[in-house]
Amino acid sequence: MGIGERLFSLRQKSGQSLQQVANSVGVSKAHVWELEKGRTSNPSFELVQKLARHFGVSIDTLVGNADEPDAAALQIERLHRGFENLSDGDRAVVEDMIKSLRTRAQKAG
């Protein structure tokens with residue numbers, strides 16, 4: 001599986017549009033589409049790094065040299081990346097919410 005196919009698969013699993021990916025990595029929607037379709041097959045290393053970071057996968061995963069995560073793993077990584085920009089207080093709130101949800105799940109299960 002080449003980078004285009006892998007990019008398409010990761011984008012579909014994460015439920016993102018071409019525009020969302022393009023905005024995140026700083027290229028045009030058309031450029032992302034051309035990558036997915038194999039019409040542009042030699043992206044810059046910088047773009048490959050940005051795409052891998054965006055999807056929370058390694059470069060090896062993006063280029064097809066490692067297994068692709070499932071949709072749940074991608075979602076967890078996306079959430080994790082979102083924590084980086086939060087303040088300490090906001091991260092503590094999120095941690096408390098997660099603890100509360102785990103407790104609720106244990107009581108239900």
Side-chain angles (χ1 to χ4, degrees):
M1 180 180 286
I3 191 169
E5 294 170 301
R6 187 58 64 95
L7 178 58
F8 176 77
S9 178
L10 289 167
R11 187 174 64 78
Q12 293 298 305
K13 284 181 180 179
S14 65
Q16 296 179 56
S17 69
L18 287 166
Q19 191 65 59
Q20 288 171 311
V21 174
N23 289 347
S24 176
V25 299
V27 298
S28 70
K29 175 180 165 181
H31 191 59
V32 175
W33 182 83
E34 288 173 348
L35 281 169
E36 286 186 358
K37 298 301 178 191
R39 295 184 181 181
T40 300
S41 57
N42 193 17
S44 70
F45 184 69
E46 180 183 1
L47 179 56
V48 172
Q49 286 179 310
K50 287 179 180 180
L51 288 165
R53 195 174 314 117
H54 172 77
F55 289 108
V57 297
S58 68
I59 291 173
D60 280 340
T61 298
L62 184 61
V63 299
N65 292 335
D67 291 337
E68 184 178 336
D70 62 15
L74 280 175
Q75 181 185 35
I76 290 167
E77 183 57 35
R78 221 176 23 256
L79 291 169
H80 180 263
R81 279 194 324 271
F83 296 149
E84 294 171 354
N85 298 326
L86 297 178
S87 68
D88 290 344
D90 288 344
R91 279 196 298 273
V93 169
V94 172
E95 186 174 10
D96 287 343
M97 289 172 45
I98 291 170
K99 287 177 185 176
S100 176
L101 289 169
R102 282 185 185 145
T103 300
R104 187 173 76 181
Q106 288 172 347
K107 289 179 181 177

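In this structure, Trp33 belongs to a hydrophobic cluster whose other members, linked by side-chain heavy atoms under 4.5 Å apart, are Ile3, Leu7, Leu10, Leu18, Val21, Val25, Val27, Val32, Leu35, Phe45, Leu47, Val48, Leu51, Phe55, Val57, Ile59, Leu62, Val63, Leu74.
Sequence neighbours left out, not one pair with a member in residues 100-109 passes side-chain hydrogen bond (donor to acceptor under 3.5 Å, both in side chains). Screening residues 58-67 for salt bridge (Lys or Arg N to Asp or Glu O under 4.0 Å), with sequence neighbours left out, gives no hits. Among residues at least two apart or in separate chains, salt bridge (Lys or Arg N to Asp or Glu O under 4.0 Å) pairs with a member in residues 10-26 are Arg11-Glu36, Lys13-Glu68.
Not a single donor-acceptor pair under 3.5 Å links the side chain of Gln12 to the backbone N or O of Ser9.
In this structure, Asn85 CG and Arg91 CZ are separated by 9.0 Å, a value rounded to the nearest 0.5 Å. How far OG of Ser14 is from NE2 of His54: 5.5 Å, rounded to the nearest 0.5 Å. For the atom pair OG (Ser28) and CD (Gln19), the distance works out to 8.5 Å, reported to the nearest 0.5 Å.
Listed by chain and number, the residues in a side-chain contact (heavy atoms from CB on, under 4.5 Å) with Val93 are Met97 (sequence neighbours excluded). In terms of the salt bridge (charged side-chain N to carboxylate O under 4.0 Å, His left out) criterion, Arg53 has no residue partners (sequence neighbours excluded).
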### Task
Test Asp90 against Val94 for side chain to side chain contact (heavy atoms under 4.5 Å, CB included), laying out the working first.
CA-CA 6 Å; Asp90 288 344; Val94 172; 5.6 Å; no
